[in-house]
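Naming: A, B, ... by sequence-line order, numbering from 1 per chain. Side chains are part of it too, since the values below use all heavy atoms of this structure and drop only hydrogens, waters and symmetry mates.
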Amino acid sequence: MSGGANDAGGKGTMVTLTIDGRVAKVPEGATVLDAARAIGVRIPTLCQHEALEPWGGCRLCLVDVTKKDWRGWEKMVVSCMFPAEDGLAVSTATERVVATRKAVLDLLLARCPDTPLVQKLAREYGVERTSYRENPEPTDCILCGLCTRVCDAIGVSAIATVDRGAGKEVAPPFHEAPPDCIGCLACAEVCPTECIPYQTSDSARTIWGRRFEMVRCPHCGRAHITREQATFYAGRGGVPESYFTTCDACKRTQMARTFTTLSAVR
Amino acid sequence: MNGRPCVDAAPLDEILAHYPASETALIQVLQDVHRAYHYLPCDVLAKVADALDVPLAKVFSVGTFYKAFSLVPQGRTIVRVCTGTACHIRGASRLIEEIERQLEIKPGETTEDMGFTIKTVNCVGACAMAPVMIVGETYHGGAEPAKVAKYLAETEADHEN
Ligand code: SF4
Ligand code: SF4
Ligand code: FES
Ligand code: FES
């Protein structure tokens, strides 16, 4: 659940709304999208990720909302940001919602004519080919901002959007190997169109044109983290670097061993 | 950075002294840097990032977002010619031709002595005065090709002072 949905610590107020006529009950602070997901109503999204603050960039998750006392007035909102409220009536597939999503996908398909994810979503809305002029330099990047936001969330901010308008892209500063990058691959992993290239092996990892040495787990020898990652995490949490160089599998084994020892002692 | 020539840091130090060391000052600092250097030199951007404690990627993002900023060196005087609808109709192209002839460069280019850069802009909001050309910070409404040499000479005189 995004935003402050969990702030209430489990005892917070619940709000009740309807989505396509079905009742949803969610904690105050949840978004309309959270509520829809809670009752299994699918709303398409492209720029939303549960680990990140909603951003409202792609406009695909649009829905119509109204309330009894709005005297028939309805408005379109992005469900990933709009807070669920008592008495809200949400419609996820009205004619104008579908038409607007279709327009968004038509534009996205013009930008990314060869991108399978965009093609698939567009097809779901009946767009086989864009009605606009196709991008002469097709890209797979839909500018959803997930990569830059995840990098910000980690506290690194090695990449950002560069330029404006049609020339806008995600890039490291000066289009050079980013000095701040720690090679964690979070940006590549979160990218919905998998358009951030990287290579990783036992000895080295390359992303954004920068090469990183891999550190091996002192226990099993598996190369699972870059030196820069270990140093960055250690510096941030005040936890020794060796905690991060030990791989997750070995950490679990060690933990299990500790528990066995503890229960033997008891 | 990365083998690019470094510029004199003195104007930057002077600029930074005027602002709090925080992200909120970023755009103002970049504007002052642009005024002092006539562009955003990359090593200066790196120093701005350090001084304001803003990630370099963010500084680069802002520096490339606004049309008012350039990452390549520009002339001491920017000559902007409005090519919006009103100015277009009232002869912007003849103005541009004359400026090109005088300075021997095309829009987007900079004279060899770094004196002038020509830019075309869309409607500057002074359509009643069309055609409009802006030399440095001086607006010339009802600009005439025959007076282009004079407009340019006026700023050259400023440079000499
Ligand atoms: S790999 Fe580099 S750019 Fe990507 S999220 Fe990690 S630190 Fe940021
Ligand atoms: S690179 Fe991927 S994650 Fe980043 S903005 Fe583009 S599509 Fe989104
Ligand atoms: S998911 Fe809501 S705007 Fe992108
Ligand atoms: S078109 Fe030139 S000022 Fe409006």
Side-chain angles (χ1 to χ4, degrees), chain A residues 47 52-53 55 57 139 141 143-188 190-191 196 198 207-212 228-229 231-233 235-236, chain B residues 1-7 9 12 21-27 29-31 33-34 37-74 80 83-84 107-108 119-124:
Chain A
C47 70
L52 299 170
E53 286 290 313
W55 188 56
T139 165
C141 175
L143 291 176
C144 67
L146 283 171
C147 53
T148 56
R149 285 183 290 141
V150 82
C151 194
D152 289 344
I154 297 164
V156 175
S157 300
I159 51 172
T161 55
V162 170
D163 281 323
R164 64 186 167 272
K168 186 168 169 175
E169 60 178 330
V170 172
F174 310 110
H175 301 275
E176 289 171 357
D180 296 332
C181 179
I182 58 171
C184 67
L185 303 187
C187 53
V190 83
C191 175
I196 300 175
Y198 66 91
I207 187 164
W208 296 112
R210 183 159 165 200
R211 203 186 126 91
F212 296 89
E228 284 77 359
Q229 269 179 285
T231 312
F232 177 79
Y233 300 150
R236 186 177 55 177
Chain B
M1 288 194 104
N2 297 16
R4 289 208 190 89
C6 285
V7 296
L12 174 65
S22 103
E23 184 164 359
T24 49
L26 179 59
I27 292 189
V29 168
L30 292 183
Q31 280 176 329
V33 165
H34 208 274
Y37 294 88
H38 307 290
Y39 76 114
L40 301 178
C42 54
D43 52 340
V44 171
L45 289 186
K47 286 189 188 123
V48 168
D50 267 348
L52 302 186
D53 198 17
V54 180
L56 183 59
K58 293 254 145 78
V59 175
F60 189 66
S61 184
V62 171
T64 55
F65 182 78
Y66 294 100
K67 213 173 172 183
F69 296 140
S70 166
L71 274 94
V72 293
Q74 291 192 304
R80 294 185 177 84
T83 54
K119 286 189 176 180
T120 58
V121 293
N122 299 322
C123 188
V124 293

Task: Residue selection (most heavy-atom pairs with chain B, distance under 4.5 Å) from Asp152(A), Ile159(A), Val162(A), Asp163(A) - done: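 Top option by heavy-atom pairs under 4.5 Å: Asp163(A).
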- [ ] Using a 4.5 Å cut-off on heavy atoms from C-beta on, say whether the side chain of Leu30(B) contacts that of Tyr66(B).
- [x]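 A side-chain contact under 4.5 Å is absent here.
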- [ ] Answer whether the closest heavy-atom distance between the side chains of Pro41(B) and Val33(B) falls below 4.5 Å.
- [x]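 Counting from C-beta outward, Pro41(B) and Val33(B) do come under 4.5 Å.
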Open item on the list: Counting only non-hydrogen atoms closer than 4.5 Å, does Asp180(A) touch chain B with its backbone (N, CA, C, O), its side chain (CB onward), both, or neither?
Closed with: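 Only the side chain of Asp180(A) comes within 4.5 Å of chain B.
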Task: Residue Pro178(A) versus chain B: region with a heavy atom under 4.5 Å - done: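 Looking at Pro178(A), nothing touches chain B.
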Open item on the list: Between Thr83(B) (side chain only) and Val121(B) (backbone N and O only), is there a donor and an acceptor less than 3.5 Å apart?
Closed with: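 Such a contact is found between Thr83(B) side chain and Val121(B) backbone.
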- [ ] Report yes or no: does Arg210(A) contribute a side-chain atom to a donor-acceptor pair with the main-chain N or O of Gly183(A) at less than 3.5 Å?
- [x]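 A pair under 3.5 Å: no.
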